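Bear in mind the structure is a predicted one, so any value in this text is a computation, not a measurement. Note on naming: letters A, B, ... go to the chains in the order of the sequence lines (proteins, then strands), and numbering restarts at 1 for each one.
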2 protein chains.
Amino acid sequence: MRKQEVRTIISRRDRPAKEPLSRDSIASAALDILLREGLSKLSLRRVAAKLDTGAASLYVYVENISELYGLILDQALVSVELPEEKSSPWRDRIKTLLLSYFDVLVRGPGLAQLALSTFSPGYNALRICECLLGLLKEGGVDDKRQDWGGDMLLLYITASAAEESKWREAGESTNRLRDALRSLSEDEFPLVSALSMATRYGERHKRAALALDAMIDGILASPIRTELTEVNDHTNA
Amino acid sequence: MRKQEVRTIISRRDRPAKEPLSRDSIASAALDILLREGLSKLSLRRVAAKLDTGAASLYVYVENISELYGLILDQALVSVELPEEKSSPWRDRIKTLLLSYFDVLVRGPGLAQLALSTFSPGYNALRICECLLGLLKEGGVDDKRQDWGGDMLLLYITASAAEESKWREAGESTNRLRDALRSLSEDEFPLVSALSMATRYGERHKRAALALDAMIDGILASPIRTELTEVNDHTNA
DNA sequence: ACCTGAACACCGTTCAAGT
DNA sequence: ACCTGAACACCGTTCAAGT
(Lines give C-alpha, C1' and ligand atoms only; values in the text may rest on other atoms or scores of the structure.)
Protein backbone atom coordinates (compact mmCIF):
# COMPACT_ATOMS: atom_id res chain seq x y z
CA MET A 1 0.00 0.00 0.00
CA ARG A 2 2.57 2.51 1.13
CA LYS A 3 4.70 1.45 -1.80
CA GLN A 4 1.93 2.32 -4.16
CA GLU A 5 1.47 5.80 -2.68
CA VAL A 6 5.14 6.53 -3.12
CA ARG A 7 5.05 5.26 -6.67
CA THR A 8 2.22 7.59 -7.49
CA ILE A 9 4.10 10.62 -6.24
CA ILE A 10 7.25 9.69 -8.05
CA SER A 11 5.37 9.07 -11.25
CA ARG A 12 4.06 12.63 -11.25
CA ARG A 13 7.54 14.13 -11.27
CA ASP A 14 9.66 11.53 -13.02
CA ARG A 15 7.39 10.38 -15.76
CA PRO A 16 8.58 12.98 -18.28
CA ALA A 17 11.55 10.76 -19.02
CA LYS A 18 9.39 9.60 -21.85
CA GLU A 19 7.78 12.97 -22.33
CA PRO A 20 4.04 12.97 -22.93
CA LEU A 21 2.81 13.47 -26.43
CA SER A 22 1.93 16.95 -27.60
CA ARG A 23 1.31 18.69 -30.89
CA ASP A 24 4.80 20.12 -30.74
CA SER A 25 6.65 16.88 -30.05
CA ILE A 26 4.68 15.22 -32.82
CA ALA A 27 5.46 18.00 -35.28
CA SER A 28 9.16 17.91 -34.39
CA ALA A 29 9.42 14.16 -34.74
CA ALA A 30 7.63 14.34 -38.06
CA LEU A 31 9.79 17.15 -39.41
CA ASP A 32 12.83 15.19 -38.34
CA ILE A 33 11.75 12.20 -40.38
CA LEU A 34 10.98 14.37 -43.39
CA LEU A 35 14.33 16.14 -43.21
CA ARG A 36 16.23 12.89 -42.93
CA GLU A 37 14.28 10.56 -45.18
CA GLY A 38 11.96 12.64 -47.29
CA LEU A 39 8.24 13.10 -47.56
CA SER A 40 7.66 9.64 -48.97
CA LYS A 41 9.00 7.97 -45.85
CA LEU A 42 6.87 10.08 -43.58
CA SER A 43 3.75 8.45 -42.22
CA LEU A 44 1.68 8.55 -39.07
CA ARG A 45 2.91 5.08 -38.28
CA ARG A 46 6.57 6.05 -38.60
CA VAL A 47 6.06 9.17 -36.49
CA ALA A 48 4.26 7.13 -33.86
CA ALA A 49 7.02 4.52 -33.86
CA LYS A 50 9.59 7.25 -33.32
CA LEU A 51 7.58 8.43 -30.31
CA ASP A 52 7.16 4.90 -28.96
CA THR A 53 3.45 4.58 -29.49
CA GLY A 54 0.94 3.28 -31.95
CA ALA A 55 -0.45 5.40 -34.74
CA ALA A 56 -3.85 5.58 -33.09
CA SER A 57 -2.42 7.59 -30.19
CA LEU A 58 -1.69 10.54 -32.42
CA TYR A 59 -5.33 11.13 -33.15
CA VAL A 60 -5.77 12.80 -29.80
CA TYR A 61 -3.57 15.65 -30.99
CA VAL A 62 -4.11 15.70 -34.70
CA GLU A 63 -7.29 15.29 -36.69
CA ASN A 64 -5.76 13.61 -39.71
CA ILE A 65 -2.56 13.39 -41.66
CA SER A 66 -3.06 16.57 -43.61
CA GLU A 67 -3.27 18.51 -40.38
CA LEU A 68 0.05 16.92 -39.50
CA TYR A 69 1.44 18.11 -42.82
CA GLY A 70 0.42 21.63 -41.87
CA LEU A 71 2.20 21.36 -38.52
CA ILE A 72 5.36 20.08 -40.19
CA LEU A 73 5.43 22.95 -42.64
CA ASP A 74 4.97 25.55 -39.97
CA GLN A 75 7.59 23.90 -37.80
CA ALA A 76 9.99 24.17 -40.73
CA LEU A 77 9.10 27.80 -41.41
CA VAL A 78 10.30 28.75 -37.92
CA SER A 79 13.77 28.99 -39.39
CA VAL A 80 12.93 31.55 -42.06
CA GLU A 81 14.71 34.71 -41.05
CA LEU A 82 12.85 38.00 -41.23
CA PRO A 83 15.23 40.79 -42.28
CA GLU A 84 15.95 43.42 -39.67
CA GLU A 85 14.16 46.71 -40.10
CA LYS A 86 15.98 49.31 -42.19
CA SER A 87 18.97 46.99 -42.56
CA SER A 88 18.95 47.65 -46.30
CA PRO A 89 16.62 49.07 -48.97
CA TRP A 90 13.13 47.53 -48.76
CA ARG A 91 13.60 45.94 -52.13
CA ASP A 92 16.65 44.02 -51.00
CA ARG A 93 14.94 43.00 -47.82
CA ILE A 94 12.09 41.48 -49.82
CA LYS A 95 14.59 39.48 -51.78
CA THR A 96 16.42 38.40 -48.63
CA LEU A 97 13.18 37.30 -47.02
CA LEU A 98 11.94 35.35 -50.00
CA LEU A 99 15.26 33.72 -50.74
CA SER A 100 15.53 32.62 -47.11
CA TYR A 101 12.04 31.12 -47.45
CA PHE A 102 13.17 29.44 -50.67
CA ASP A 103 16.21 27.93 -48.96
CA VAL A 104 14.21 26.54 -46.07
CA LEU A 105 11.71 24.91 -48.43
CA VAL A 106 14.43 23.43 -50.56
CA ARG A 107 16.34 22.02 -47.62
CA GLY A 108 13.56 19.60 -46.70
CA PRO A 109 12.63 17.21 -49.48
CA GLY A 110 8.91 17.66 -49.99
CA LEU A 111 8.51 20.85 -47.96
CA ALA A 112 7.75 22.94 -51.03
CA GLN A 113 5.13 20.39 -52.01
CA LEU A 114 3.57 20.78 -48.59
CA ALA A 115 3.62 24.57 -48.86
CA LEU A 116 1.70 24.30 -52.10
CA SER A 117 -0.88 21.84 -50.82
CA THR A 118 -1.45 22.94 -47.22
CA PHE A 119 -4.69 24.78 -46.90
CA SER A 120 -4.70 26.78 -43.69
CA PRO A 121 -1.61 28.83 -42.99
CA GLY A 122 0.16 28.39 -39.68
CA TYR A 123 1.64 31.03 -37.41
CA ASN A 124 4.97 31.20 -39.17
CA ALA A 125 3.44 31.44 -42.61
CA LEU A 126 1.45 34.42 -41.36
CA ARG A 127 4.59 35.98 -39.89
CA ILE A 128 6.32 35.79 -43.25
CA CYS A 129 3.28 37.09 -45.06
CA GLU A 130 2.90 40.03 -42.71
CA CYS A 131 6.54 40.91 -43.11
CA LEU A 132 6.30 40.80 -46.89
CA LEU A 133 3.24 43.03 -46.94
CA GLY A 134 4.96 45.45 -44.60
CA LEU A 135 7.93 45.70 -46.91
CA LEU A 136 5.73 46.34 -49.92
CA LYS A 137 3.93 49.03 -47.97
CA GLU A 138 7.24 50.56 -47.04
CA GLY A 139 8.01 50.67 -50.74
CA GLY A 140 4.91 52.72 -51.34
CA VAL A 141 2.77 49.92 -52.76
CA ASP A 142 -0.92 50.52 -52.11
CA ASP A 143 -3.32 48.01 -50.56
CA LYS A 144 -4.70 46.54 -53.76
CA ARG A 145 -1.29 45.86 -55.18
CA GLN A 146 -0.08 44.51 -51.85
CA ASP A 147 -2.81 41.92 -52.22
CA TRP A 148 -2.11 40.47 -55.64
CA GLY A 149 1.55 41.49 -55.61
CA GLY A 150 2.38 39.74 -52.36
CA ASP A 151 0.43 36.74 -53.49
CA MET A 152 2.33 36.70 -56.77
CA LEU A 153 5.74 36.90 -55.13
CA LEU A 154 4.95 34.18 -52.61
CA LEU A 155 3.40 31.80 -55.12
CA TYR A 156 6.26 32.22 -57.53
CA ILE A 157 8.98 31.59 -55.01
CA THR A 158 7.16 28.59 -53.57
CA ALA A 159 6.67 27.02 -56.98
CA SER A 160 10.27 27.79 -57.75
CA ALA A 161 11.34 25.91 -54.65
CA ALA A 162 9.15 22.97 -55.67
CA GLU A 163 10.82 22.93 -59.05
CA GLU A 164 14.28 23.00 -57.54
CA SER A 165 13.31 20.21 -55.14
CA LYS A 166 12.29 18.01 -58.05
CA TRP A 167 15.73 18.37 -59.60
CA ARG A 168 17.48 17.61 -56.36
CA GLU A 169 15.34 14.58 -55.64
CA ALA A 170 15.65 13.26 -59.17
CA GLY A 171 19.39 12.97 -58.67
CA GLU A 172 20.68 10.45 -61.19
CA SER A 173 17.82 10.59 -63.67
CA THR A 174 18.54 14.27 -64.24
CA ASN A 175 20.83 13.47 -67.13
CA ARG A 176 18.31 11.22 -68.78
CA LEU A 177 15.87 14.12 -68.93
CA ARG A 178 18.45 16.48 -70.35
CA ASP A 179 19.29 13.94 -73.05
CA ALA A 180 15.62 13.41 -73.80
CA LEU A 181 15.05 17.13 -74.23
CA ARG A 182 18.09 17.57 -76.39
CA SER A 183 17.20 14.78 -78.80
CA LEU A 184 13.43 15.05 -79.02
CA SER A 185 12.94 18.70 -79.72
CA GLU A 186 15.16 20.65 -82.12
CA ASP A 187 12.74 20.58 -85.06
CA GLU A 188 9.39 20.75 -83.38
CA PHE A 189 10.42 22.78 -80.35
CA PRO A 190 13.33 24.97 -81.43
CA LEU A 191 12.89 27.57 -78.69
CA VAL A 192 12.52 25.09 -75.85
CA SER A 193 15.51 23.07 -76.94
CA ALA A 194 17.66 26.15 -77.35
CA LEU A 195 16.86 27.01 -73.77
CA SER A 196 17.18 23.68 -72.05
CA MET A 197 20.88 23.69 -72.91
CA ALA A 198 21.35 26.44 -70.39
CA THR A 199 19.39 24.93 -67.53
CA ARG A 200 21.66 23.73 -64.82
CA TYR A 201 21.33 22.29 -61.36
CA GLY A 202 21.26 25.01 -58.72
CA GLU A 203 20.73 27.79 -61.17
CA ARG A 204 17.29 28.44 -59.71
CA HIS A 205 18.67 30.90 -57.20
CA LYS A 206 19.95 33.18 -59.92
CA ARG A 207 16.75 32.87 -61.92
CA ALA A 208 14.72 33.64 -58.83
CA ALA A 209 16.70 36.79 -58.12
CA LEU A 210 16.09 38.09 -61.63
CA ALA A 211 12.44 37.12 -61.55
CA LEU A 212 11.83 38.78 -58.19
CA ASP A 213 13.31 42.02 -59.45
CA ALA A 214 11.15 41.90 -62.52
CA MET A 215 8.05 41.22 -60.45
CA ILE A 216 8.72 44.08 -58.08
CA ASP A 217 9.30 46.38 -61.04
CA GLY A 218 6.03 45.14 -62.48
CA ILE A 219 4.15 45.83 -59.27
CA LEU A 220 5.53 49.34 -59.05
CA ALA A 221 4.82 50.05 -62.71
CA SER A 222 1.29 48.68 -62.67
CA PRO A 223 -1.26 51.39 -63.40
CA ILE A 224 -3.55 52.37 -60.57
CA ARG A 225 -6.98 51.58 -61.92
CA THR A 226 -10.02 53.01 -60.22
CA GLU A 227 -12.16 50.01 -59.40
CA LEU A 228 -15.35 49.94 -61.43
CA THR A 229 -17.28 49.02 -58.33
CA GLU A 230 -16.21 52.24 -56.66
CA VAL A 231 -17.25 54.77 -59.28
CA ASN A 232 -19.03 56.79 -56.62
CA ASP A 233 -15.84 57.36 -54.66
CA HIS A 234 -15.03 61.03 -55.28
CA THR A 235 -11.93 61.21 -53.13
CA ASN A 236 -9.78 59.74 -55.92
CA ALA A 237 -11.20 61.80 -58.76
CA MET B 1 -10.48 -28.96 -83.97
CA ARG B 2 -12.06 -27.08 -86.84
CA LYS B 3 -13.92 -25.08 -84.30
CA GLN B 4 -10.66 -24.02 -82.72
CA GLU B 5 -9.19 -22.90 -86.04
CA VAL B 6 -12.23 -20.77 -86.72
CA ARG B 7 -12.03 -19.33 -83.26
CA THR B 8 -8.45 -18.32 -83.80
CA ILE B 9 -9.25 -16.45 -86.99
CA ILE B 10 -12.20 -14.70 -85.45
CA SER B 11 -10.19 -13.77 -82.43
CA ARG B 12 -7.71 -11.83 -84.56
CA ARG B 13 -10.37 -9.52 -85.92
CA ASP B 14 -13.01 -9.41 -83.22
CA ARG B 15 -10.96 -9.34 -80.08
CA PRO B 16 -10.72 -5.55 -79.91
CA ALA B 17 -14.16 -5.55 -78.30
CA LYS B 18 -12.16 -5.42 -75.11
CA GLU B 19 -9.39 -3.32 -76.60
CA PRO B 20 -5.87 -4.29 -75.65
CA LEU B 21 -4.06 -2.20 -73.09
CA SER B 22 -1.88 0.65 -74.25
CA ARG B 23 -0.27 3.70 -72.72
CA ASP B 24 -3.04 5.81 -74.18
CA SER B 25 -5.95 3.78 -72.93
CA ILE B 26 -4.36 3.65 -69.49
CA ALA B 27 -3.82 7.39 -69.43
CA SER B 28 -7.38 8.08 -70.54
CA ALA B 29 -8.89 5.77 -67.96
CA ALA B 30 -6.74 7.33 -65.29
CA LEU B 31 -7.60 10.90 -66.27
CA ASP B 32 -11.23 9.92 -66.27
CA ILE B 33 -11.02 8.73 -62.69
CA LEU B 34 -9.17 11.85 -61.62
CA LEU B 35 -11.68 14.15 -63.29
CA ARG B 36 -14.62 12.34 -61.73
CA GLU B 37 -13.33 11.43 -58.29
CA GLY B 38 -10.18 13.40 -57.64
CA LEU B 39 -6.52 12.59 -57.26
CA SER B 40 -7.00 10.83 -53.93
CA LYS B 41 -9.25 8.19 -55.47
CA LEU B 42 -6.81 7.51 -58.27
CA SER B 43 -4.67 4.41 -57.90
CA LEU B 44 -3.13 1.82 -60.14
CA ARG B 45 -5.58 -0.67 -58.76
CA ARG B 46 -8.59 1.50 -59.58
CA VAL B 47 -7.30 2.18 -63.09
CA ALA B 48 -6.68 -1.51 -63.61
CA ALA B 49 -10.15 -2.38 -62.35
CA LYS B 50 -11.66 0.10 -64.80
CA LEU B 51 -9.76 -1.65 -67.58
CA ASP B 52 -10.78 -5.11 -66.39
CA THR B 53 -7.37 -6.31 -65.29
CA GLY B 54 -5.18 -6.57 -62.28
CA ALA B 55 -2.81 -3.83 -61.26
CA ALA B 56 0.20 -5.93 -62.20
CA SER B 57 -0.79 -5.82 -65.88
CA LEU B 58 -0.15 -2.10 -66.09
CA TYR B 59 3.54 -2.51 -65.41
CA VAL B 60 4.12 -3.57 -69.00
CA TYR B 61 3.21 -0.06 -70.13
CA VAL B 62 4.21 2.10 -67.21
CA GLU B 63 7.26 1.95 -65.00
CA ASN B 64 5.63 3.17 -61.84
CA ILE B 65 2.83 5.35 -60.61
CA SER B 66 4.66 8.61 -61.01
CA GLU B 67 5.12 7.88 -64.69
CA LEU B 68 1.37 7.38 -64.81
CA TYR B 69 0.93 10.77 -63.18
CA GLY B 70 2.97 12.27 -65.97
CA LEU B 71 0.80 10.63 -68.60
CA ILE B 72 -2.36 11.88 -66.94
CA LEU B 73 -1.11 15.43 -66.82
CA ASP B 74 -0.13 15.44 -70.44
CA GLN B 75 -3.41 13.87 -71.43
CA ALA B 76 -5.17 16.71 -69.63
CA LEU B 77 -3.00 19.36 -71.26
CA VAL B 78 -4.22 18.28 -74.69
CA SER B 79 -7.17 20.57 -74.16
CA VAL B 80 -5.15 23.72 -73.57
CA GLU B 81 -5.82 25.95 -76.54
CA LEU B 82 -2.93 27.71 -78.21
CA PRO B 83 -4.02 31.15 -79.44
CA GLU B 84 -4.12 31.62 -83.18
CA GLU B 85 -1.25 33.58 -84.67
CA LYS B 86 -1.77 37.31 -84.91
CA SER B 87 -5.32 36.98 -83.58
CA SER B 88 -4.56 39.76 -81.08
CA PRO B 89 -1.56 41.60 -79.62
CA TRP B 90 1.12 39.16 -78.37
CA ARG B 91 0.55 40.32 -74.82
CA ASP B 92 -3.09 39.34 -74.90
CA ARG B 93 -2.26 36.05 -76.51
CA ILE B 94 0.10 35.24 -73.65
CA LYS B 95 -2.67 35.92 -71.20
CA THR B 96 -5.16 33.85 -73.21
CA LEU B 97 -2.74 30.94 -73.35
CA LEU B 98 -1.88 30.99 -69.68
CA LEU B 99 -5.44 31.48 -68.51
CA SER B 100 -6.53 28.55 -70.66
CA TYR B 101 -3.79 26.49 -69.02
CA PHE B 102 -5.01 27.70 -65.64
CA ASP B 103 -8.57 26.65 -66.41
CA VAL B 104 -7.57 23.18 -67.52
CA LEU B 105 -5.52 22.63 -64.37
CA VAL B 106 -8.28 23.86 -62.15
CA ARG B 107 -10.94 21.71 -63.79
CA GLY B 108 -9.31 18.47 -62.64
CA PRO B 109 -8.92 18.19 -58.88
CA GLY B 110 -5.25 17.54 -58.29
CA LEU B 111 -4.02 18.37 -61.79
CA ALA B 112 -2.19 21.47 -60.63
CA GLN B 113 -0.53 19.37 -57.95
CA LEU B 114 0.61 16.98 -60.64
CA ALA B 115 1.93 19.80 -62.79
CA LEU B 116 4.03 20.98 -59.87
CA SER B 117 5.40 17.56 -59.01
CA THR B 118 5.85 15.89 -62.39
CA PHE B 119 9.46 15.84 -63.37
CA SER B 120 9.77 15.24 -67.09
CA PRO B 121 7.52 17.33 -69.31
CA GLY B 122 5.29 15.57 -71.82
CA TYR B 123 4.55 16.52 -75.40
CA ASN B 124 1.73 18.91 -74.56
CA ALA B 125 3.68 20.68 -71.87
CA LEU B 126 6.42 21.28 -74.43
CA ARG B 127 3.86 22.56 -76.93
CA ILE B 128 2.62 25.13 -74.45
CA CYS B 129 6.13 26.10 -73.47
CA GLU B 130 7.20 26.55 -77.07
CA CYS B 131 4.17 28.70 -77.77
CA LEU B 132 4.85 30.90 -74.76
CA LEU B 133 8.48 31.41 -75.72
CA GLY B 134 7.42 32.27 -79.25
CA LEU B 135 5.05 34.92 -78.00
CA LEU B 136 7.71 36.46 -75.78
CA LYS B 137 10.06 36.49 -78.73
CA GLU B 138 7.41 38.16 -80.84
CA GLY B 139 7.22 40.81 -78.13
CA GLY B 140 10.90 41.52 -78.55
CA VAL B 141 12.10 39.69 -75.44
CA ASP B 142 15.64 38.40 -75.86
CA ASP B 143 16.79 34.84 -75.17
CA LYS B 144 17.94 35.31 -71.59
CA ARG B 145 14.72 36.93 -70.51
CA GLN B 146 12.71 34.34 -72.40
CA ASP B 147 14.38 31.80 -70.17
CA TRP B 148 13.65 33.16 -66.71
CA GLY B 149 10.63 35.14 -67.85
CA GLY B 150 8.83 32.18 -69.37
CA ASP B 151 9.73 30.11 -66.37
CA MET B 152 8.37 32.78 -64.07
CA LEU B 153 5.06 33.10 -65.90
CA LEU B 154 4.53 29.35 -66.04
CA LEU B 155 5.45 28.72 -62.43
CA TYR B 156 3.25 31.51 -61.19
CA ILE B 157 0.18 30.44 -63.09
CA THR B 158 0.64 26.81 -62.12
CA ALA B 159 0.98 27.66 -58.44
CA SER B 160 -1.98 29.95 -58.77
CA ALA B 161 -4.04 27.05 -60.14
CA ALA B 162 -2.90 24.88 -57.25
CA GLU B 163 -4.02 27.53 -54.81
CA GLU B 164 -7.41 27.86 -56.47
CA SER B 165 -7.78 24.07 -56.46
CA LYS B 166 -7.24 23.99 -52.72
CA TRP B 167 -10.12 26.40 -52.18
CA ARG B 168 -12.42 24.45 -54.44
CA GLU B 169 -11.56 21.15 -52.83
CA ALA B 170 -11.87 22.53 -49.32
CA GLY B 171 -15.51 23.29 -50.01
CA GLU B 172 -17.26 23.57 -46.67
CA SER B 173 -14.25 24.21 -44.48
CA THR B 174 -13.56 27.39 -46.42
CA ASN B 175 -15.59 29.44 -44.00
CA ARG B 176 -13.83 28.00 -40.99
CA LEU B 177 -10.53 29.27 -42.36
CA ARG B 178 -11.92 32.71 -43.08
CA ASP B 179 -13.25 32.91 -39.54
CA ALA B 180 -9.94 31.73 -38.14
CA LEU B 181 -8.06 34.39 -40.06
CA ARG B 182 -10.46 37.13 -39.07
CA SER B 183 -10.32 36.37 -35.36
CA LEU B 184 -6.68 35.38 -34.84
CA SER B 185 -4.86 38.17 -36.53
CA GLU B 186 -5.92 41.83 -36.18
CA ASP B 187 -3.33 42.76 -33.54
CA GLU B 188 -0.36 40.65 -34.50
CA PHE B 189 -0.99 40.53 -38.23
CA PRO B 190 -2.79 43.75 -39.14
CA LEU B 191 -1.82 43.74 -42.81
CA VAL B 192 -2.70 40.10 -43.42
CA SER B 193 -6.04 40.40 -41.71
CA ALA B 194 -6.91 43.58 -43.57
CA LEU B 195 -6.33 41.68 -46.78
CA SER B 196 -8.01 38.39 -46.08
CA MET B 197 -11.33 40.22 -45.88
CA ALA B 198 -11.13 40.74 -49.60
CA THR B 199 -10.23 37.20 -50.61
CA ARG B 200 -13.12 35.47 -52.23
CA TYR B 201 -13.74 32.21 -53.99
CA GLY B 202 -13.09 32.45 -57.72
CA GLU B 203 -11.28 35.73 -57.48
CA ARG B 204 -8.05 34.08 -58.56
CA HIS B 205 -8.76 34.71 -62.20
CA LYS B 206 -8.82 38.46 -61.69
CA ARG B 207 -5.70 38.35 -59.54
CA ALA B 208 -3.94 36.24 -62.14
CA ALA B 209 -4.78 38.71 -64.91
CA LEU B 210 -3.29 41.59 -62.93
CA ALA B 211 -0.26 39.58 -61.92
CA LEU B 212 0.47 38.44 -65.47
CA ASP B 213 0.37 42.01 -66.72
CA ALA B 214 2.75 43.07 -64.00
CA MET B 215 5.11 40.23 -64.77
CA ILE B 216 5.18 41.00 -68.46
CA ASP B 217 5.83 44.65 -67.68
CA GLY B 218 8.62 43.54 -65.40
CA ILE B 219 10.19 41.35 -68.05
CA LEU B 220 10.12 44.17 -70.58
CA ALA B 221 11.50 46.70 -68.11
CA SER B 222 14.29 44.45 -66.84
CA PRO B 223 17.71 45.92 -67.62
CA ILE B 224 19.88 44.03 -70.05
CA ARG B 225 22.91 43.11 -68.00
CA THR B 226 26.09 41.91 -69.66
CA GLU B 227 26.83 38.55 -68.08
CA LEU B 228 29.89 38.62 -65.85
CA THR B 229 30.99 35.29 -67.28
CA GLU B 230 31.14 36.81 -70.75
CA VAL B 231 33.38 39.78 -70.12
CA ASN B 232 35.44 38.85 -73.15
CA ASP B 233 32.53 39.26 -75.48
CA HIS B 234 33.28 42.52 -77.33
CA THR B 235 30.24 42.48 -79.58
CA ASN B 236 28.09 43.93 -76.80
CA ALA B 237 30.51 46.57 -75.61
C1' DA C 1 -8.48 12.04 -20.69
C1' DC C 2 -5.29 9.44 -22.77
C1' DC C 3 -3.38 5.29 -24.70
C1' DT C 4 -3.42 0.76 -27.00
C1' DG C 5 -3.96 -3.52 -30.20
C1' DA C 6 -6.38 -5.26 -33.49
C1' DA C 7 -9.04 -4.76 -37.39
C1' DC C 8 -10.73 -2.61 -41.83
C1' DA C 9 -10.16 -1.13 -46.24
C1' DC C 10 -7.07 0.21 -48.85
C1' DC C 11 -2.11 1.13 -51.26
C1' DG C 12 2.42 0.19 -54.94
C1' DT C 13 5.25 -3.28 -56.44
C1' DT C 14 7.17 -7.95 -57.34
C1' DC C 15 7.16 -12.52 -58.89
C1' DA C 16 6.23 -17.15 -60.25
C1' DA C 17 3.14 -19.21 -63.20
C1' DG C 18 0.37 -19.38 -67.07
C1' DT C 19 -0.81 -18.36 -72.39
C1' DA D 1 5.19 -10.72 -75.18
C1' DC D 2 1.57 -10.13 -72.40
C1' DC D 3 -1.41 -11.18 -68.60
C1' DT D 4 -2.67 -12.93 -63.98
C1' DG D 5 -3.26 -14.16 -58.79
C1' DA D 6 -1.20 -14.16 -54.85
C1' DA D 7 1.94 -12.30 -51.79
C1' DC D 8 4.82 -8.62 -49.51
C1' DA D 9 5.38 -4.66 -47.07
C1' DC D 10 3.35 -1.00 -46.29
C1' DC D 11 -0.64 2.90 -45.64
C1' DG D 12 -4.69 6.12 -42.80
C1' DT D 13 -8.35 5.64 -39.82
C1' DT D 14 -11.66 3.58 -36.48
C1' DC D 15 -13.07 1.35 -32.45
C1' DA D 16 -13.64 -1.36 -28.42
C1' DA D 17 -11.11 -2.08 -24.47
C1' DG D 18 -8.11 -0.79 -21.03
C1' DT D 19 -5.96 2.85 -17.40
With a 4.5 Å heavy-atom cut-off, do B/Leu154 and B/Leu98 have their side chains touching?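 Counting from C-beta outward, B/Leu154 and B/Leu98 do come under 4.5 Å.
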Does the side chain of B/Leu39 reach to within under 4.5 Å of the side chain of B/Leu111, using non-hydrogen atoms?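 No, side chains not in contact.
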Name all residues meeting the side chain to side chain donor-acceptor pair (under 3.5 Å) criterion together with B/Ser165; count only those two or more places apart in sequence or in a different chain, and write none if there are none.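 With sequence neighbours excluded, B/Ser165 shows a side chain to side chain donor-acceptor pair (under 3.5 Å) to no residue whatsoever.
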Who are the side chain to side chain donor-acceptor pair (under 3.5 Å) partners of B/Glu81, not counting sequence neighbours?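 Applying side chain to side chain donor-acceptor pair (under 3.5 Å) to B/Glu81 gives none.
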Any salt bridge linking B/Arg204 with A/Asp151? Criterion: basic side-chain nitrogen under 4.0 Å from a carboxylate oxygen.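 So B/Arg204 pairs with A/Asp151 through a salt bridge.
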Does a side-chain N-to-carboxylate-O contact under 4.0 Å join A/Glu188 and B/Arg127?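 So A/Glu188 does not pair with B/Arg127 through a salt bridge.
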Using a cut-off of less than 4.0 Å, is there contact between a side-chain N or O of B/Tyr61 and OP1 or OP2 of D/dC2?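 No, because none of the side-chain N or O atoms of B/Tyr61 sits under 4.0 Å from OP1 or OP2 of D/dC2.
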Only counting residues at least two apart or in another chain, list the ones meeting ring pair (Phe, Tyr, Trp, His ring centres under 6.0 Å) with A/Tyr123.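 For A/Tyr123, the residues satisfying ring pair (Phe, Tyr, Trp, His ring centres under 6.0 Å) (neighbours in sequence not counted) are B/Phe189.
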Considering only atom P, compute the distance from D/dA9 to C/dC10 and round it to an integer number of Å.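 Roughly 22 Å separates the two P atoms.
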In 5'-to-3' order, the base (B), backbone-only (S) or no-contact (-) status of each nucleotide in nucleotides 7-19 of chain D, using a 4.0 angstrom heavy-atom cut-off, is B---BBBBB----
Pairwise salt bridge (charged side-chain N to carboxylate O under 4.0 Å, His left out) hits with a residue in residues 64-78 of chain B, at least two apart: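 Applying salt bridge (charged side-chain N to carboxylate O under 4.0 Å, His left out) to every pair that reaches into residues 64-78 of chain B, excluding sequence neighbours, yields B/Arg23-B/Glu67.
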In dot-bracket, 5' to 3', how would DNA chain C read with Watson-Crick or G-U wobble pairs under 3.5 Å, [ ] for crossing ones and | for pairs to another strand? ||.|||||...|||||.||
To the nearest Å, give me how far apart CD1 (B/Ile26) and C1' (D/dC2) are.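 Between C1' of D/dC2 and CD1 of B/Ile26: 12 Å.
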